[in-house]
Colleague: 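Structure below; questions to follow.
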2 protein chains.
Amino acid sequence: MSWKYVLKGYIVNPTSENTLFYDDSCVIIKDSFPKAKYHLLILPRDHKITIKDPKTLTFKEKSRYEKYIVWAKNYILETSKSNGGFDNNIKINDIRVGIHYVPSLANLHIHVITNDFVSDKLKYPKHYKAFNGPFFVDWDQLPLPPPYLTSKEAEMKYIKLQPLKCSHCDYPFKNLPTLKKHLKQEWETKKN
Amino acid sequence: MSWKYVLKGYIVNPTSENTLFYDDSCVIIKDSFPKAKYHLLILPRDHKITIKDPKTLTFKEKSRYEKYIVWAKNYILETSKSNGGFDNNIKINDIRVGIHYVPSLANLHIHVITNDFVSDKLKYPKHYKAFNGPFFVDWDQLPLPPPYLTSKEAEMKYIKLQPLKCSHCDYPFKNLPTLKKHLKQEWETKKN
DNA sequence: GAATCATAAC
DNA sequence: GAATCATAAC
Ligand SMILES: Nc1ncnc2c1ncn2[C@@H]1O[C@H](COP(=O)(O)O)[C@@H](O)[C@H]1O
Ligand SMILES: Nc1ncnc2c1ncn2[C@@H]1O[C@H](COP(=O)(O)O)[C@@H](O)[C@H]1O
Ligand SMILES: [Zn+2]
Ligand SMILES: [Zn+2]
């Protein structure tokens, strides 16, 4: 199985180190390269759904997965609460749910991620911009009506040309290391 | 002043956020991008010395800086001891002293670094290999007799072709993330 | 030296 | 998608 289909493994055989929950419709896993303190993926198992462009999810299709989103959010809230008081500042509104305008991995997946973006795995500007700006399509915006940018166009307009702004205060940063330092400070501030 | 001479600032005006010690002969600073838990730089202020290729430091020249090496090592041992018991596993033999075969920054500087190599700033294979393998020339090997590899040759032979082996157990790793994970484990193990 | 971007090969 | 390497521009 090529890297593009690496998420298929979870759908076919849901038992894994990363698996937090599964039933006949869904598998919920921890993202292996979390771009924030909490970063889960919801993977619909239905073949009709897993092969879809997530931008085109219908309201009917979406309705089937709402409860898994609730589960994932609740998992984050509860887990952070019980994490020795370290993460007890996470609120429901700190959690983002959505998809990438152009996913890299083939099987449809829904990101559920906290808005701290404090993570060692966040290494490149694209990692941040993919969750902050138009490349991140909020669950509530789906289905996103056509026309769609091509992959090249989206890369340019929705990633490369986007500024690096703090997810909390909108302050623009010249580069990723300074933004990351600031995000760490935002996180530490919230803790107190 | 171009990036190549950024260390000159410390020599000209030793008072800075990073400065730990200075006198007429030397400035000792914290490396701004530490590649391990403790990473200091010793900067000779003597113009004749600062412009030298460090590989050619004579025994006579070296003798002038021995005491600053002692100071730097002692600083690391004492600081780690007083760091709330977090780093109290650092021993004198965990500290490496030396220079890079081909320095990037112009003013002669001596690295004093712990062998944990646990650091967010260690981002590329070269960062690790520059301290582990022939690219790192130990203080005790100086002066290094000619002939010298060219910069290109050193980059190939002393960096690119070198394996990524653990500084503690010599185990070879396929890539930097797996090595970093292992180094973190080595560090945590030593702590206990 | 650091940071960004493009490009293979997986 | 991740990881490595080469390449500008600072
Ligand atoms: N083997 C894996 N297991 C779990 N998550 C993964 C794996 N490989 C990549 N990912 C994550 O999958 C997501 C795919 O992103 P995207 O296709 O852009 O929506 C990213 O957040 C990756 O970190
Ligand atoms: N502005 C700076 N202040 C302090 N250290 C620095 C600065 N810029 C780079 N460095 C460090 O200087 C060292 C130069 O490495 P090298 O020239 O390869 O011996 C590296 O360890 C860098 O992290
Ligand atoms: Zn902010
Ligand atoms: Zn080891």
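By convention in this document, chain letters (A, B, ...) are assigned in the order of the sequence lines, proteins followed by strands, and residues within each chain are numbered from 1.
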Colleague: Tell me what H127(B) touches on the nucleic acid: a base, only sugar-phosphate, or nothing, going by heavy atoms under 4.0 Å.
Modeller: sugar-phosphate
Colleague: Please report the distance, rounded to the nearest Å, between CZ in F173(B) and P in dT4(D).
Modeller: 13 Å
Colleague: Map every base of DNA chain C to its dot-bracket character, where paired means a Watson-Crick or G-U wobble contact with both distances under 3.5 Å and | marks a partner outside the strand.
Modeller: |........|
Colleague: When you check the side-chain N and O atoms of D116(A) and T114(A), is any donor under 3.5 Å from an acceptor?
Modeller: yes
Colleague: Scan P177(B) against the nucleic acid and name what it touches under 4.0 Å (heavy atoms): base, sugar-phosphate only, or nothing.
Modeller: sugar-phosphate
Colleague: In whole Å, I'd like the distance from the CH2 atom of W3(A) to the P atom of dC10(C).
Modeller: 13 Å
Colleague: Do T178(B) and N175(B) meet the criterion of a side-chain donor-acceptor pair at a distance under 3.5 Å?
Modeller: yes
Colleague: Should we say atom CG of D24(A) is surrounded by more than 12 heavy atoms from elsewhere, each under 6.0 Å from it?
Modeller: no
Colleague: Return the value, rounded to whole Å, for the distance between atom CD of E155(B) and atom C1' of dT4(D).
Modeller: 13 Å
Colleague: Taking only side-chain N and O atoms of K123(A), does any of them lie within less than 4.0 angstrom of OP1 or OP2 on dA3(D)?
Modeller: yes
Colleague: Could you check which of dT4(C), dT4(D), dA2(C) has an atom nearest any side-chain atom of L176(A)?
Modeller: dT4(C)
Colleague: Can you tell me if Q162(A) uses its side chain to pair, donor with acceptor, with the backbone of K157(A) under 3.5 Å?
Modeller: yes
Colleague: Choose from dT4(C), dC10(D), dA2(C) the nucleotide whose nearest atom is closest to any side-chain atom of F33(B).
Modeller: dA2(C)
Colleague: So what does K121(B) hit on the nucleic acid, given a heavy-atom distance under 4.0 Å: a base, only sugar-phosphate, or nothing?
Modeller: nothing
Colleague: Are a donor atom and an acceptor atom from the side chains of S167(A) and N115(A) found within less than 3.5 Å of each other?
Modeller: no
Colleague: Please list, for nucleotides 5-9 of chain D, all pairs of protein and nucleotide N/O atoms separated by less than 3.5 Å.
Modeller:
{"from": "dA6(D)", "atom 1": "OP1", "to": "K160(B)", "atom 2": "NZ", "distance (Å)": "2.9"}

Colleague: Under the 3.5 angstrom rule, does the side chain of S119(A) hit a backbone N or O of K121(A) as a donor-acceptor pair?
Modeller: yes
Colleague: Would you mind classifying the nucleic acid contact of K35(A) as base, sugar-phosphate or nothing, using non-hydrogen atoms under 4.0 angstrom?
Modeller: sugar-phosphate
Colleague: Can you tell me how far P of dA3(D) sits from CG of L179(B), to the nearest Å?
Modeller: 13 Å
Colleague: Between the side chains of N107(B) and R45(B), is a donor N or O closer than 3.5 angstrom to an acceptor N or O?
Modeller: no
Colleague: Without decimals, in angstroms, what is the distance between L105(A) CG and dA2(D) C1'?
Modeller: 10 Å
Colleague: Can you see whether W139(B) engages E66(B) through a side-chain donor-acceptor pair at a distance of less than 3.5 angstrom?
Modeller: yes
Colleague: Separation of K181(A) atom NZ from dA3(C) atom C1', in whole Å?
Modeller: 16 Å
Colleague: Is there a donor-acceptor contact under 3.5 Å linking the side chains of S32(B) and N18(B)?
Modeller: yes
Colleague: Between D120(A) (CG) and dA2(D) (C1'), how many Å, whole number?
Modeller: 15 Å
Colleague: Using a distance-only test with no angle check, is there a side-chain donor-acceptor pair under 3.5 angstrom linking Y148(B) and D53(B)?
Modeller: no
Colleague: Nearest to the L164(B) side chain among dA2(C), dT4(D), dT4(C), which nucleotide is it?
Modeller: dT4(D)
Colleague: dT4(C) P sits how many Å from Y128(A) OH, rounded?
Modeller: 14 Å
